[in-house]
Amino acid sequence: MTEIILPVRDYDLEATLDSGQVFHWQQKGDSWIGVVSNRWVRLTKRPGEILAEAIAPQDWNWLREFLQTEVDLGKILKTFPDDEPMNAAVAACRGLRVLRQAPWECLASFILSSTKQIVQIRQVVSSLCECFGDELQPRPPEGPIYSFPRPEQIAGVTEAQLRNCKMGFRAPNLLAVARQIVEGDLDLEQIRRMDYSDARAELVKLRGVGGKIADCVLLFAYGFDSAFPVDIWVERALRQLYFPGRRVSEKRLRQFSATHFGPHAGYAQQYLFHYMRTKLN
DNA sequence: GCCCAGGTGAAGC
DNA sequence: GCTTCACATGGG
């Protein structure tokens, strides 16, 4: 076991790992256990730093990248609009971060997310990892940990096997995307080199991926900070906080959110989402 | 039993 | 263009 201390300011690890960006992390006491880049890792927040423990890594750049510890949050928060709802959300969730995930895991997880509660998405993802991922060695004392299955590990199974993981009608969508990757029809690394609208157009072509899921992947995996996923909670936040008592079309809401929140709109979105979900019933 | 969940796609006007 | 509906599954 090796460890490192990552100095951080303004980092709320719990809010970050528990804000519907990632679905395969377990809280154990003060710590969080998860898998990043196929490596088991345990994270513990302390004042001004994060303690990270892993089995035997050579360097820790994979973790800095995932946690985005080098990002100056203060600089980002300054770009948010100076209005009442935004200020309230920041005051309530300060230290919430946007992670930088591996595209495949992020895309697959969000394909499984549609009309499911976050608790249920976690259950489905955990089940998927246990059934088709690899058990990481050595087995930690807390119990076995499984990696997120690679596209090949999904592409080789049947729709019925996937449905055993309780993903319901989303099973054929996940299967189709996994097979597209294995057959070389879809290259998730290529999307990294596109601009936002081209990348979005590519993702939306995929079965079961619409604008919302595409924006989640663009924001959480590819780092397009302008992506602004509008789900049921964010729509609720926009309507209640910015257009109370008014009838506003969805199109109007999208136009508003594309212009109002600035260059890091995705971060702002995450603050509104978490604020709405945890602080405003 | 009922309503809802980090939606999407197809079918109806 | 817009509205409605089916799609699995489980929590509250």
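Because the structure is predicted, anything quoted here is derived from the model rather than measured. Side-chain atoms are counted along with the backbone in the values below, which use heavy atoms only and exclude waters and symmetry mates. Note on naming: letters A, B, ... go to the chains in the order of the sequence lines (proteins, then strands), and numbering restarts at 1 for each one.
Across residues 199-208 of chain A, A:L206, A:R207, A:G208 each have a non-hydrogen atom less than 4.0 Å from an atom of DNA chain B (numbered order). Contacts between residues 253-269 of chain A and DNA chain C, defined by a heavy-atom separation below 4.0 Å, involve no residue at all.
If you find the closest nucleotide of DNA chain B to A:V209 and to A:G20, the one lying nearer the 5' end belongs to A:G20.
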Letter by letter from the 5' end, nucleotides 7-12 of chain C scores (B base, S sugar-phosphate only, - none; protein heavy atoms under 4.0 Å) BBBBS-

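The side-chain heavy atoms of A:R39 and A:I55, taken from C-beta on, include no pair separated by under 4.5 Å. You'll find the side chain of A:V230 stays beyond 4.5 Å of the side chain of A:L253, heavy atoms only.
Residue A:S19 forms a side chain to side chain donor-acceptor pair (under 3.5 Å) with just one option from A:H274, A:Q270, A:R277, and that option is A:Q270.
Using a cutoff of 4.0 Å between basic side-chain nitrogens and carboxylate oxygens, A:D10 and A:R94 are scored as salt-bridged.
Residue contacts for A:S109: at a heavy-atom cut-off of 4.0 Å it reaches no nucleic acid atom on any strand shown. Counting any heavy atom pair closer than 4.0 Å across all strands shown, A:F23 reaches no nucleic acid atom. Residue-level contact check: A:E235 touches neither bases nor backbone, having no heavy atom under 4.0 Å from any strand.
Side-chain atoms of A:Q269 and A:D215 form no donor-acceptor pair, as typed in the model, at a separation below 3.5 Å. With no hydrogens or angles considered, no side-chain donor-acceptor pair links A:N173 and A:R170 at under 3.5 Å.
A straight line from CZ of A:R247 to P of C:dC2 spans 16 Å, rounded to a whole angstrom.
A 6.0 Å sphere centred on CG of A:D30 holds no more than 12 heavy atoms belonging to other residues, nucleotides or ligands. The environment of A:E183 atom CD is dense: over 12 non-hydrogen atoms of other residues, nucleotides or ligands sit within 6.0 angstrom.
The same atom, P, is picked in C:dG10 and in B:dT8; the two are 22 Å apart, to the nearest Å. For the P atoms, the distance linking C:dT4 with B:dG6 amounts to 23 Å, nearest Å. A gap of 14 Å separates the P atoms of C:dA6 and B:dC3, to the nearest Å.
Applying the ring-ring contact (aromatic ring centres under 6.0 Å, His included) test to residues at least two apart or on different chains, the pairs with a partner in residues 39-61 of chain A are A:W60-A:W62.
With hydrogens and angles disregarded, a donor-acceptor distance shorter than 3.5 Å links the side chain of A:T259 to the backbone of A:Q255. A:Y271 places a side-chain N or O within donor-acceptor distance of the main-chain N or O of A:L96, the cut-off being under 3.5 Å.
Distance check, rounded to the nearest 0.5 Å: CH2 of A:W104 to CD1 of A:I181 gives 5.0 Å.
By the salt bridge (charged side-chain N to carboxylate O under 4.0 Å, His left out) test, A:R42 pairs with A:E53, A:E142, sequence neighbours left out.
Here the range on DNA chain B touched by chain A, meaning any atom under 4.0 Å from one of its heavy atoms, is B:dA5 to B:dA10.
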